[in-house]
Amino acid sequence: MSSSLKITDVRTIVTCPGRNFVLLKIVTESGLYGVGDGTLNGRELAVAETLREYITPLLIGRDADQIEDIWQSLFRGTYWRGGPVLNTALAAVDVALWDLKGRRAGLPVYSLLGGRTRTGALCYAHAAGETIEETTDRATVLMERGFRVVRVQTAIPGTSGTYGTAAGSVQPEDGPLVEQFEPAPYLRTIPRLFDHLRAQLGEEVELCHDVHERLTPIQAARLAKELEPHHLFFLEDPLRPEHPESFRLIRQHSTTPLAMGELFTSRWDCLPLLTEQLIDFIRCDLVHTGGITEGRKIAAIAESFQVQTAWHGPPDISPIGHAANVHLDLATANFGVQEWVEHPPEVADVIHGGPTYHDGYLNVSDAPGLGCEIDEQAAKKYPYIRGWLPVTRRADGSVHDW
Ligand code: CS2
Ligand code: MG
């Protein structure tokens, strides 16, 4: 191993510039380094401790060039494998090693992955409102900014707090916010939302909606069927991730394109949906699925079954995670769309670089690696603040999927 590639330092940086992030910097003997993202929303310190206590000692002295071998040794070689905490920690290492390899080669990561297949990554942003009219207005604003694809969510009348709307986006420090979900009003409201959107916005804009795993198979089949005339770009996460076989029921009843994956943590979770062509878009989170190494394998399997990629791109992963998404998007033949959010302005104090938006598309610079830098001094100005994801209950008080 060339001395320039011997890993000598691994730094886990936990910071909260408006959002909690777990960042990783892997440094080699010569000073060459790479940066990664290991943020798992609401479980940040579990990943940070895994990185500091269990992964760093295994990395010191290793050859930073050997991404695949390091990936295999951390995943299979450590016996306890998988799940969101371990695979987010693994992703942080993997992404940092790809960044490091790019910096060493003087090439952007997309070039190492096979080179550009497109000039930019088509992306979508979120339009959410407390009423159908407000959601429509927000979608119009996004369309005026150039977005060709828009995700739409609206509050459900008669219930308090709905996933994806303003009230649901806060991360309280003192305990989870309790939201309410009832399938009947939800199933009545969403088709009305789309009736209104299509009447106001026309046919051309591509629309998505995120169910957030809250329906039963027959409810999801009904919704997908009723939304058919509105030609969605996709209906996201209609079912819980534990039951891939239930997607058959939705498929048998509707041609609405389906997307699934942000709760998956490995390629094996994706397999049944891909090999049976039960979905149209695979939308794992690279930061929770072992990074770029696992993402490109998932994309390759999906390509064989005519499924496109739509990697998860929420505000709770850092610009480094978003950069990993876009580098892979640009190099992937069966790329479909990229979810995109704007971070709070303080994030730019801590993380410089990241994808840029222009006229409906995302891009990355040609800087070597991922094109991101962490300002470790600035990160210290924003200490971690514990934050909770909301929880959902039915009207009778029983627990439901958020
Ligand atoms: C989501 C996320 O972006 C999405 O599609 O479903 O907002 C998700 O709820 C969060 O990433 C959870 O941490
Ligand atoms: Mg989602």
Side-chain angles (χ1 to χ4, degrees), residues 16 18-20 39-44 84 124-139 150-194 196-197 207-220 222-224 227 234-243 246 259-264 283 285 288 312-317 339 341 343-344 385-402:
C16 186
R19 297 247 14 155
N20 284 318
T39 309
L40 181 60
N41 196 12
R43 293 292 182 275
E44 296 85 2
Y124 70 89
H126 300 177
E130 291 306 303
T131 61
I132 287 175
E133 291 70 24
E134 195 178 52
T135 303
T136 310
D137 291 346
R138 301 243 161 101
V150 177
R151 186 190 91 162
V152 288
Q153 308 292 132
T154 196
I156 306 303
T159 57
S160 62
T162 303
Y163 163 78
T165 59
S169 65
V170 294
Q171 252 193 322
E173 286 171 50
D174 49 357
L177 194 81
V178 182
E179 298 182 353
Q180 225 181 43
F181 180 77
E182 276 302 309
Y186 175 77
L187 290 168
R188 281 195 300 272
T189 304
I190 300 305
R192 284 184 202 150
L193 168 68
F194 278 88
H196 188 79
L197 286 163
L207 299 172
C208 310
H209 173 70
D210 189 352
V211 178
H212 224 245
E213 305 98 5
R214 288 172 300 169
L215 293 177
T216 64
I218 201 69
Q219 290 165 350
R222 168 181 152 190
L223 182 64
L227 291 177
F234 60 61
L235 185 64
E236 173 182 335
D237 292 358
L239 303 175
R240 291 166 49 182
E242 294 88 1
H243 297 286
S246 303
M260 181 71 190
E262 67 183 55
L263 281 174
F264 292 163
R283 50 183 317 291
D285 190 314
H288 305 149
H312 189 213
D316 42 84
I317 61 168
E339 182 180 26
V341 291
H343 284 112
I385 301 169
R386 185 169 63 181
W388 299 91
L389 276 74
V391 296
T392 299
R393 290 186 180 271
R394 296 283 302 269
D396 67 359
S398 58
V399 170
H400 195 68
D401 300 82
W402 173 55

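All of these numbers come straight from a predicted model, not from anything done at the bench.
Considering only heavy atoms from C-beta on, P84 stays 4.5 Å or farther from R43 through its side chain. Looking only at side-chain heavy atoms (C-beta outward), L215 and L187 come within less than 4.5 Å of each other. For the pair T392/Q180, no side-chain contact is recorded, criterion being any heavy-atom separation below 4.5 Å from C-beta on. Under the 4.5 Å side-chain criterion, counting only non-hydrogen atoms from C-beta, M260 is in contact with P241.
Residue pairs meeting the salt bridge (charged side-chain N to carboxylate O under 4.0 Å, His left out) criterion with at least one partner in residues 180-193, sequence neighbours excluded, are E182-R394.
For the side chain to side chain contact (heavy atoms under 4.5 Å, CB included) with H288, the qualifying choice from T39, N41, L40 is L40, the only one to do so.
Across V341 and P314, no two heavy atoms sit closer than the pair CG2-C, 3.6 Å. Between P191 and L227 the shortest heavy-atom distance is CA-CD2, 3.9 Å. Scanning all heavy atoms of the two residues, the minimum distance from T159 to P185 falls at CG2-CG, 4.5 Å. Nearest heavy atoms, P157 versus T189: CD-OG1, 3.6 Å. Taking each heavy atom of E179 and T162 in turn, the nearest pair found is OE1-C, 3.6 Å. Contact record, A259 with P238: O-CD, 3.8 Å, taken as the closest heavy-atom pair.
If you take CD on E339 and CZ on R151, they are separated by 6.0 Å, rounding to the nearest 0.5 Å. Rounded to the nearest 0.5 angstrom, N20 CG and E44 CD are separated by 4.5 Å. The CG atom of D285 sits 7.5 Å away from the CG atom of D316 when rounded to the nearest 0.5 Å. To the nearest 0.5 Å, atoms CZ (R214) and CH2 (W402) are separated by 9.5 Å. Once rounded to the nearest 0.5 Å, the distance linking CG of L263 with NE2 of H312 reads 8.5 Å. Interatomic distance, OG1 of T154 versus NE2 of H209, reported as 9.5 Å (0.5 Å rounding).
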Step-by-step side-chain contact (heavy atoms from CB on, under 4.5 Å) determination, E236 to E262 | CA-CA 10 Å; E236 173 182 335; E262 67 183 55; 3.1 Å; yes

Step by step, would you call V152 with T136 a side-chain contact (heavy atoms from CB on, under 4.5 Å)?
-> CA-CA 8 Å; V152 288; T136 310; over 6 Å; no

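Counted by atom type alone, E134 and T131 present zero donor-acceptor pairs between their side chains at under 3.5 Å.
Judged as a salt bridge (charged side-chain N to carboxylate O under 4.0 Å, His left out), and not counting sequence neighbours, E213 has no contacts. Taking F181 as the reference, Y186, H400 meet the ring pair (Phe, Tyr, Trp, His ring centres under 6.0 Å) condition, with sequence neighbours excluded.
In this structure, Y163 and H212 have parallel ring planes: the angle between them is below the 30° cut-off, well short of the 60° mark.
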